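The structure appears below as structure tokens.
Computed from heavy atoms alone, side chains included, the values below leave out hydrogens, waters and symmetry copies. Since the model is a prediction, treat every value here as computed from it, not as a measurement.
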Amino acid sequence: CKFTALRSIAVSGSWYVKEYLARFEWQTQTNPAHPAIKDGSQIVSYSALAAWTDAVATQLSAQRLDPTKPIAFLTSKA
């Protein structure tokens with residue numbers, strides 16, 4: 001994953017967004033098969049998370065949404 005779309009929207013972000021992206025890229029390139037997310041029995045590798053993240057960034061760019069503004073709020077039902 002080259003993070004093309006993600007990098008294009010991160011340009012407008014702050015230094016910590018750029019730092020996070022750099023660390024995420026490094027981890028994806030260094031350990032692509034390593035688990036990035038574990039939720040119960042579900043495991044998502046860094047390469048899968050990177051592909052999904054870039055796909056989301058592509059959609060944000062295509063819809064001309066501002067990545068510095070809230071796009072969705074996730075809540076749990078208590």
Heavy-atom pair with the smallest gap, counting every atom of S45 and A33: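 Scanning both residues, the minimum pair turns out to be CB-O, 3.8 Å.
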
Can you name the nearest heavy-atom pair linking S47 to T28, along with the distance?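 For S47 versus T28, the nearest heavy atoms are CA-CG2, 4.3 Å.
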
Gap between atom CZ of R23 and atom CD of E25 - 0.5 Å precision: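 Rounded to the nearest 0.5 Å, the CD-CZ separation comes to 13.5 Å.
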
Working to the nearest 0.5 angstrom, can you tell me the gap between Y46 OH and I37 CD1?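 Answer for the OH-CD1 pair, Y46 versus I37, is 8.5 Å.
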
ILVMFWY network linking V44 to V56, side-chain heavy atoms under 4.5 angstrom: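 Linked, V44 and V56 end up in one cluster.
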
Can you list the residues that meet the side chain to side chain contact (heavy atoms under 4.5 Å, CB included) rule with Q59, with sequence neighbours excluded?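 If we apply the side chain to side chain contact (heavy atoms under 4.5 Å, CB included) test to Q59, skipping adjacent residues, the hits are Q63.
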
Among residues at least two apart in sequence or on other chains, which ones pass salt bridge (Lys or Arg N to Asp or Glu O under 4.0 Å) with R64?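 Counting only residues at least two positions away or on another chain, R64 forms no salt bridge (Lys or Arg N to Asp or Glu O under 4.0 Å).
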
